[in-house]
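Accompanying notes for the structure given below.
Just so it is clear: chains get the letters A, B, ... in the order the sequence lines come, proteins before strands, and each one is counted from 1.
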Protein chains: 2
Amino acid sequence: MRKDAQQNRDKILTTAAKLFQARTVAEVSMKDIATAAEIGPGTLYRHYSNKNELCSALSLKYIDQFLSSCQDYLRQTTATPVAQFNHVLTQYILFRERRLQLLAFVETGPTVMDTYYRSELYHQLVQLFKRVLKPVNQSLNEVELTFQVDMLIAMLKSDSYAFQRHQRDLSQAQLGQLISHLMVPKD
Amino acid sequence: MRKDAQQNRDKILTTAAKLFQARTVAEVSMKDIATAAEIGPGTLYRHYSNKNELCSALSLKYIDQFLSSCQDYLRQTTATPVAQFNHVLTQYILFRERRLQLLAFVETGPTVMDTYYRSELYHQLVQLFKRVLKPVNQSLNEVELTFQVDMLIAMLKSDSYAFQRHQRDLSQAQLGQLISHLMVPKD
DNA sequence: TTGACAAACGGAGTCGACTCCGTTTATAGT
DNA sequence: ACTATAAACGGAGTCGACTCCGTTTGTCAA
């Protein structure tokens with residue numbers, strides 16, 4: 001890749017992140033991003049073939065940070081398996097709350113399947129949860145373990161999460177407890 | 001409501017349903033629907049304030065049919081609670097598969113929360129699952145019961161379902177079994 | 001250093017969702 | 001039947017996502 005192209009690629013992401021702080025993702029147009037990054041719309045679209053892919057790339061950066069912080073935690077903790085699971089779950093909920101807008105936009109895009117769920121980092125997120133869930137419920141086989149993790153993640157996707165928070169009137173903590181309660185076998 | 005208005009309202013839905021059989025939901029533009037229904041775009045939008053709401057209304061019609069057929073089943077069945085739960089679950093998966101496109105479109109819209117999840121019929125869907133899950137796991141309290149049903153529904157939403165089918169390579173039946181296995185307590 | 005060319009750029013243009021507003025029409029009260 | 005009027009209608013117009021293609025530029029081999 002040419003040097004100028006790489007610079008533009010980076011600049012687009014940082015510019016978008018900046019704009020998303022001031023206005024909602026939906027409010028910021030691709031033209032706004034192009035203008036702020038001092039490039040033409042064509043250039044923007046060559047790097048990220050649509051708004052979703054751009055947001056997806058940004059999300060993956062944040063997920064990367066989240067994964068790192070969890071891995072640091074797991075490296076140094078001496079807590080019980082259940083406590084470890086609950087910690088990661090709680091942190092994940094907090095992380096999602098922080099990036100609510102962006103994640104919601106990404107998850108409701110038509111190309112999510114390609115740019116997001118197939119990504120290496122998403123796979124690592126699944127691995128992280130499998131790693132902390134496995135010691136908590138050792139009776140699960142591989143397929144069941146994966147399935148429960150997928151279900152946990154599905155339940156915390158923007159729509160479902162919003163539904164629980166605002167229609168079911170659950171707090172972040174209550175939601176975490178219900179998930180934990182379902183997945184941690186009662187001896 | 002004026003008689004002509006009611007006629008147009010109905011005609012829009014039937015016309016849209018017809019067009020969605022020939023082409024994908026995304027391919028059919030609102031203008032196409034308006035033209036086919038022999039009305040102006042303005043009229044279309046007065047009845048359904050956006051494409052999502054229109055699709056939502058159509059989905060709810062189908063959900064209504066699904067609910068009726070399940071209620072018929074429950075009225076006449078003598079199967080065990082577990083078998084009843086599995087039956088409804090299987091039928092729901094089949095129903096969703098049949099309306100995949102439409103439901104996917106509805107569920108990825110920005111206004112889903114208002115026009116879909118808050119609707120009476122969606123609430124009835126939750127009630128249906130609660131009704132068949134409750135006898136299967138009587139140790140659940142009301143909140144837990146609702147939560148598990150919400151989770152079941154979340155897992156079968158278009159994105160999560162597609163992920164399970166195409167990334168995890170699960171069949172409809174396998175998916176149903178995994179859900180059943182998680183929700184039906186092993187004596 | 002230079003020149004060939006693939007890669008990158010920019011912006012005008014397309015297409016579809018959605019809005020606005022002047023015109024038409026069903027209907028209710030006389 | 002007639003008219004007043006609120007409701008409904010239609011389509012031109014706006015806005016934003018995304019595409020296309022003629023122009024510019026970085027880079028590498030000579």
Sorted by first residue and then second, give each ring-ring contact (aromatic ring centres under 6.0 Å, His included) pair with at least one member in residues 89-109 of chain A; sequence neighbours left out. A/Phe66-A/Tyr92, A/Phe66-A/Phe95, A/Tyr92-A/Phe129
Just to verify, what does A/His87 make a ring pair (Phe, Tyr, Trp, His ring centres under 6.0 Å) with, not counting sequence neighbours? A/Tyr73
Quick one: is A/Thr43 getting a side-chain N or O under 4.0 Å of the C/dG10 phosphate, OP1 or OP2? yes
Give the rounded distance in Å between these two atoms: CG of B/Leu44 and P of C/dG16. 15 Å
Counting only non-hydrogen atoms, which of residues 10-29 of chain B are less than 4.0 Å from DNA chain C? B/Val28, B/Ser29
List in chain and number order the residues that pass salt bridge (Lys or Arg N to Asp or Glu O under 4.0 Å) with A/Arg96, two or more places apart in sequence or in another chain; answer none if no residue qualifies. A/Glu107
Return the value, rounded to whole Å, for the distance between atom CD of B/Gln7 and atom P of C/dA26. 10 Å
Which pairs of donor and acceptor atoms, one on a side chain in residues 15-25 of chain B, lie under 3.5 Å apart (sequence neighbours left out)?
from, atom 1, to, atom 2, distance (Å)
B/Thr15, OG1, B/Lys11, O, 2.6
B/Arg23, NH1, B/Asp32, OD2, 3.4
B/Thr24, OG1, B/Glu27, N, 3.1

For A/Leu103, which of A/Cys55, A/Ser56, A/Ser59 qualifies under side chain to side chain contact (heavy atoms under 4.5 Å, CB included)? A/Ser59
Residues in ring pair (Phe, Tyr, Trp, His ring centres under 6.0 Å) contact with A/Tyr62, at least two apart in sequence or another chain: none
List for me each residue that meets ring pair (Phe, Tyr, Trp, His ring centres under 6.0 Å) alongside B/Tyr117, sequence neighbours excluded, and say none if there are none. A/Phe163, B/Tyr122
List every contact pair, protein side and nucleotides 27-30 of chain C side both N or O, where the distance is under 3.5 Å.
from, atom 1, to, atom 2, distance (Å)
C/dT27, OP1, B/Lys3, N, 3.4

What is the distance from CG of A/Asn8 to C1' of D/dG26, rounded to the nearest Å? 13 Å
For A/Asp114, the salt bridge (Lys or Arg N to Asp or Glu O under 4.0 Å) test, sequence neighbours excluded, returns A/Arg118
Residue among A/Asp4, A/Asn8, A/Asp10 satisfying side-chain hydrogen bond (donor to acceptor under 3.5 Å, both in side chains) with A/Gln6: A/Asp10
Review item, nucleotides 18-21 of chain D N/O atoms under 3.5 Å of protein N/O:
from, atom 1, to, atom 2, distance (Å)
D/dC18, OP2, A/Lys51, N, 3.0

When you check the phosphate oxygens OP1 and OP2 of C/dC9, does a side-chain N or O of A/His47 lie under 4.0 Å from one of them? yes
With sequence neighbours left out, write down each residue that passes salt bridge (Lys or Arg N to Asp or Glu O under 4.0 Å) with A/Glu97, or none if nothing qualifies. A/Arg165
To the nearest Å, give me how far apart NZ (A/Lys31) and P (C/dG13) are. 13 Å
Using the salt bridge (Lys or Arg N to Asp or Glu O under 4.0 Å) criterion, which residues pair with B/Asp169? Sequence neighbours excluded. none
